[in-house]
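First up is the structure itself, then whatever we jot down about it.
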There are 4 protein chains.
Amino acid sequence: MLNRVILIGRLTRDPELRYTPSGVAVTQFTLAVDRNFTSQQGQREADFIPIVTWRQLAETCANYLRKGRLTAVEGRIQVRSYDNNEGRRVYVTEVVADNVRFLESNRSEGGGSYGGQGDGYSRSEGQRAGNNDDPFSDDGRPIDISDDDLPF
Amino acid sequence: MLNRVILIGRLTRDPELRYTPSGVAVTQFTLAVDRNFTSQQGQREADFIPIVTWRQLAETCANYLRKGRLTAVEGRIQVRSYDNNEGRRVYVTEVVADNVRFLESNRSEGGGSYGGQGDGYSRSEGQRAGNNDDPFSDDGRPIDISDDDLPF
Amino acid sequence: MLNRVILIGRLTRDPELRYTPSGVAVTQFTLAVDRNFTSQQGQREADFIPIVTWRQLAETCANYLRKGRLTAVEGRIQVRSYDNNEGRRVYVTEVVADNVRFLESNRSEGGGSYGGQGDGYSRSEGQRAGNNDDPFSDDGRPIDISDDDLPF
Amino acid sequence: MLNRVILIGRLTRDPELRYTPSGVAVTQFTLAVDRNFTSQQGQREADFIPIVTWRQLAETCANYLRKGRLTAVEGRIQVRSYDNNEGRRVYVTEVVADNVRFLESNRSEGGGSYGGQGDGYSRSEGQRAGNNDDPFSDDGRPIDISDDDLPF
DNA sequence: TTTT
DNA sequence: TTTT
């Protein structure tokens with residue numbers, strides 16, 4: 001019905017750009033989102049949240065995001081499951097981003113940003129809408145390849 | 001940069017569907033969003049928030065929403081200003097919706113919904129992206145007509 | 001930094017209320033959130049998202065929510081990990097709710113709701129802030145018991 | 001019912017800290033939130049959104065925010081109305097913030113932040129909950145003073 | 001396995 | 001009245 005997530009955090013590593021067998025760009029990275037409190041022991045804590053972006057947005061993220069960069073992500077929670085090679089069902093929870101804002105740019109030019117929108121490329125979800133020869137089903141997973149082919 | 005609003009409330013009246021001079025559908029309604037507290041005097045309080053939807057989503061809202069219906073709205077805050085007929089600058093704040101969920105349907109079938117997405121029509125914003133002979137500028141206001149022509 | 005989630009969906013089962021060894025109420029349930037699209041094969045799809053609530057909000061949820069009820073949840077994504085009894089690290093992703101709205105009530109009275117706020121009980125997170133003899137650390141996990149004691 | 005706003009933008013001026021007659025801190029500022037598109041004429045556009053913060057959060061904002069700083073704001077839309085000195089009803093729409101993140105700090109120390117939570121001070125809304133000798137009603141407006149006394 |  |  002309604003599924004919206006907004007996060008601000010820092011990349012734990014450089015993003016990873018891969019391509020599905022049918023040639024669609026997918027970028028994966030993890031966002032470290034500091035919690036607003038410290039544990040009893042006073043140590044800083046964070047949630048490490050896996051992010052996935054597709055298509056044009058994937059390529060822009062791969063080009064501009066780097067480890068440590070402060071970044072805002074807007075998207076939806078997706079829960080996937082697959083059976084691993086031990087025959088056990090594994091659940092994967094990740095945020096499928098449709099809007100990413102670069103809050104720090106390379107040379108600390110301050111607040112550079114990109115939204116996947118308004119520059120010829122719409123939000124990744126909107127973009128798919130008008131794209132009929134689409135190798136992906138609407139949930140962002142390839143339809144012509146098995147789960148084992150998924151790039152992450 | 002990032003501008004996201006999510007509301008759940010009830011329509012104060014039936015929605016109003018109009019068309020711009022260039023024929024684009026616009027629907028306007030007001031959402032009464034109860035506050036989570038009651039004032040000192042114990043009376044129920046609400047914020048009355050004006051909502052605007054465009055194009056396909058406007059037509060769907062006009063068809064299915066009615067006064068009193070519980071409704072979820074996702075969108076962005078827009079602040080417009082114009083000079084009124086007394087020469088004074090007037091500011092209008094409204095939520096431009098790109099996703100509307102009908103939480104009550106006609107016959108209390110319970111939780112019917114519509115998202116402007118996944119049924120052939122993308123989110124209203126995404127939809128505009130691939131629509132080049134668009135009579136509107138990207139802020140959802142007509143570009144070939146004056147403010148006085150705006151349907152609200 | 002910032003971590004906000006808003007979901008609307010239906011409970012897959014009745015909620016489960018438990019108590020930690022130190023007596024703190026915890027309620028767990030799963031929300032089925034329909035996706036805005038259908039897969040290639042046309043079948044309805046949903047994300048099944050685990051929700052956790054604490055304290056007063058946990059008790060209210062246990063009292064009023066039931067399987068199938070349309071519900072709005074506001075909270076944050078939490079990623080926990082623990083080592084299972086095979087010595088393997090297991091990651092658990094869930095939404096820690098601080099605001100829950102009941103969009104359907106028992107007798108279809110229509111749009112009953114509860115926010116954990118404004119009725120003597122604040123949001124669950126805010127509430128903890130002023131509660132110093134608190135058996136929990138601020139991340140909602142018991143500080144005087146091991147992970148094995150966690151009620152889920 | 002549910003009313004949530006998340007914004008990222010820049011302050012158009014230094015924030016203004018005032019006190020109500022009963023001594024409660026209130027800080028007001030405007031956030032310029034760039035739109036994700038440019039108008040037909042290619043000029044950059046933004047929404048200028050008035051923000052209000054109360055109490056401890058108001059004082060922290062006044063201390064640390066400055067004109068031009070990139071800032072994330074979480075809160076709710078509030079619509080107030082009052083009769084101006086010409087006897088006309090005026091509507092004011094603003095975002096009452098309960099969480100503010102400083103995405104740029106003074107010396108570009110990179111991503112300093114403050115959440116009104118977890119450092120001894122809870123969210124401004126949560127904080128009010130346990131504060132009974134409160135000169136304000138729960139909507140953040142003074143109850144013992146008239147609208148004319150409002151600090152903005 | 002994690003970021004500042 | 002507006003920010004980078």
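Worth saying up front: this structure is predicted, and the values here are computed from it rather than measured. First the proteins, then the strands, lettered A, B, ... as listed; each starts at 1.
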*To the nearest angstrom, how far is L11(A) atom CG from dT4(E) atom C1'?*
12 Å
*L65(A) CG - dT3(E) C1' separation (whole Å)*: 13 Å
*Whole angstrom value for the distance that separates P of dT4(F) from CZ of R101(A)*: 18 Å
_What contact category does R13(A) fall into here, base, sugar-phosphate, or nothing, at under 4.0 angstrom with non-hydrogen atoms?_
nothing
*Does the aromatic ring of F48(D) sit over the six-membered base ring of dT2(F), closer than 5.5 Å centre to centre and tilted less than 30°?*
yes
*Using a heavy-atom cut-off of under 4.0 Å over every strand shown, decide if G9(D) touches base, sugar-phosphate, or nothing.*
nothing
*Would you indicate which nucleotide in dT2(E), dT2(F), dT4(F) comes nearest to any side-chain atom of T30(A)?*
dT2(E)
*Without hydrogens or angle criteria, can the side chains of Q78(C) and E94(C) be said to hold a donor-acceptor pair below 3.5 Å?*
yes
*Only counting residues at least two apart or in another chain, list the ones meeting side chain to side chain donor-acceptor pair (under 3.5 Å) with N3(A).*
none
*How about T71(A) and L65(A): do any of their side-chain heavy atoms sit closer than 4.5 Å?*
yes
*asked:* With a 4.5 Å cut-off on side-chain heavy atoms, are L2(C) and L7(A) touching?
replied: no
*What nucleotide among dT1(E), dT3(E), dT3(F) has an atom nearest to a side-chain atom of R89(C)?*
dT1(E)
*Measure from the side-chain heavy atoms of Y91(B) and tell me the nearest of dT3(E), dT3(F), dT2(F).*
dT2(F)
*asked:* In this structure, which stretches of DNA chain E are paired as stems of three or more consecutive Watson-Crick or G-U pairs, both distances less than 3.5 Å?
replied: none
*Under the side-chain contact (heavy atoms from CB on, under 4.5 Å) test, which residues partner Y91(B), sequence neighbours left out?*
V79(B), S81(B), R89(B)
*side-chain contact (heavy atoms from CB on, under 4.5 Å) between L57(A) and R55(A): does it pass, once the steps are laid out?*
CA-CA 5 Å; L57(A) 185 53; R55(A) 300 164 192 289; over 6 Å; no
